[in-house]
Amino acid sequence: MTIFPSICLFVLLFLLFSSSSYGNVLPQDSNLCQESLFVKDVAVIDAAQQANCIWRVQTDENYILVFTLQSGDGNSEQAQDFVDIHDGLDEYSPILLLENQKVHKVSGKHFPSQALYSTHSMAIVRFKKTPTSPLRLKIQKAVDCPLNLDSNSECGRVVDEVSCYCITNTTRDHASQMTYCNDNQMKLLAVETRSKETAIYAAWGTTTVFWTSGSDSANEGIWVWESTNATLPCPGYANWANLQPDNAGNNEDCLALNWRSVEGWNDYPCSNLYQAICEAHP
Ligand SMILES: *[C@@H]1O[C@H](CO)[C@@H](O)[C@H](O)[C@H]1NC(C)=O
Ligand SMILES: *[C@@H]1O[C@H](CO)[C@@H](O)[C@H](O)[C@H]1NC(C)=O
C-alpha cells in the first residue's frame, strides 16, 4: 500500500528530470538557476552544464565586459541559439548581438575576433538550452575603447581584445604628448614585446614617427618607459634601429618609433614635434 505513491513520485520525478535534461520543451522561466560571477580578469563558463541558467556577471566599475563564444564547430552565430547576453543587470536589458560589432569596427583597427562588448560593468548571461556541440563562454574585463579622442585621432583594439590604443596625429613635443594621453586617462606608449610593436605598425604604419614614453632624461644612457617606470630592455625586449641610440648633439633623451621609415627605435630631442600613441589596459 505504501509502495504505490512512491512509484508515482518516482515516475513523476523521472518525467520532470528527463524533460529538463532535453531542455527545449521547458517554458522559458521555469527552474532557472541563478549564479553570480565577478570577473577580476578572465573567466570561462562551459555552457553544457548551464542550460536554463542565468548568470549575473560583473566587473570593476569603469570597466566593461567582453564575451567570446568559443564554439567547438567554430560557428559563433549559431551559439546565439543557446545563450543570450544582456547589456546590463536586468534580464530585460537589450541583448548583445554579434552584429553590434560592426559599430566597434568602424575604425577598421580591431583585433580580429568575434567578441561582444557590454557598455557597462554589468551583464546578464542567459543560457537557454544545452548546446549541440561544445560551447564555452570566455568573459574578460576590458577597458572601453572610443572611436577617437578628438577629430585628429583614432582608436582601436589593435593589440588584443581588452586594451585600447589611440593615435594622435596632432604633433606635439614629448612632454605634451604624455600630458595628452594622461588627460585622456591613458598612458603614452611603452613597447615591451615584438608582437605588440608589430601590431602597432600593422595598424598605423612605419612612415611617420610616433613618440613613446621611453626616455633617458633622468640618467643619460639609462632608458626607462616613463609610463611604467620599467628600465629597458623590458622585459628583455628592445628594438633600436641600427646605430641607435646615439644621443646626437648630446641632446636626444626621448624615444620614438620609426626612423627614416625603418621599423625600430631612435632617440630624438624631446622638444621635437611628433605624433604619438596612447594606450590603456584593464
Ligand atoms: C593618423 O595617422 C595614421 C598614420 O600616419 C593614419 O593611418 C591614420 O589614418 C590617421 N588618422 C587620422 C584620423 O588622421
Ligand atoms: C614613476 O616614478 C616617478 C618618480 O619616482 C613617480 O612620480 C611616478 O608616479 C612613477 N610612475 C609610475 C607609473 O609608477
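Order of appearance sets the numbers: ligands from 1, and atoms from 1 within every ligand. On a predicted model such as this, the values are computed, not experimentally measured, just so you know.
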Apply side-chain hydrogen bond (donor to acceptor under 3.5 Å, both in side chains) to the pair Asn247 and Glu220, showing each step before the final yes or no. CA-CA 9 Å; Asn247 198 27; Glu220 178 56 39; 3.1 Å; yes
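- At the shortest separation from atom 13 (C) of ligand 2 among protein heavy atoms lies Ser227 O, 3.3 Å.
- Atoms of ligand 1 lying under 4.0 Å from any heavy atom of Trp204, numbered from 1 in the order shown and given with element: 4 (C), 7 (O).
- By the 4.0 Å N-to-carboxylate-O rule, Glu192 lies close enough to Lys196 to be salt-bridged with it.
- Nearest non-hydrogen protein atom to atom 8 (C) of ligand 2 is Asn229 ND2, 3.8 Å.
- A cation-pi arrangement, defined by a distance under 6.0 Å to the six-membered ring centre and an angle within 45 degrees of its axis, is absent between Arg172 and Tyr274.
- Those atoms of ligand 1 with a heavy atom of Gln275 less than 4.0 angstrom away are 2 (O), 5 (O).
- Of the residues Leu189, Ile277, Val158, the one that meets the side-chain contact (heavy atoms from CB on, under 4.5 Å) test with Ile167 is Ile277.
- Using a 4.5 Å heavy-atom threshold, the side chains of Tyr117 and Asp144 count as separate.
- When the heavy atoms of Val209, Asn148, Asn169 are ranked by distance to atom 6 (C) of ligand 1, first place goes to Asn169.
- Between Trp223 and Trp240, the distance from one ring center to the other falls under 6.0 angstrom.
- The closest non-hydrogen atom to atom 5 (O) of ligand 1, taken over Asp150, Thr208, Thr168, comes from Thr208.
- Environment of CD in Glu61: sparse, with no more than 12 heavy atoms of neighbouring residues, nucleotides or ligands closer than 6.0 Å.
- Counting protein heavy atoms under 4.0 angstrom from atom 11 (N) of ligand 2 gives one or more.
- Proximity of Ile167 to ligand 1, defined as any heavy-atom pair under 4.0 Å, is confined to the side chain (atoms from C-beta onward).
- In this structure, atom 1 (C) of ligand 2 has protein heavy atoms in its sub-4.0 angstrom surroundings.
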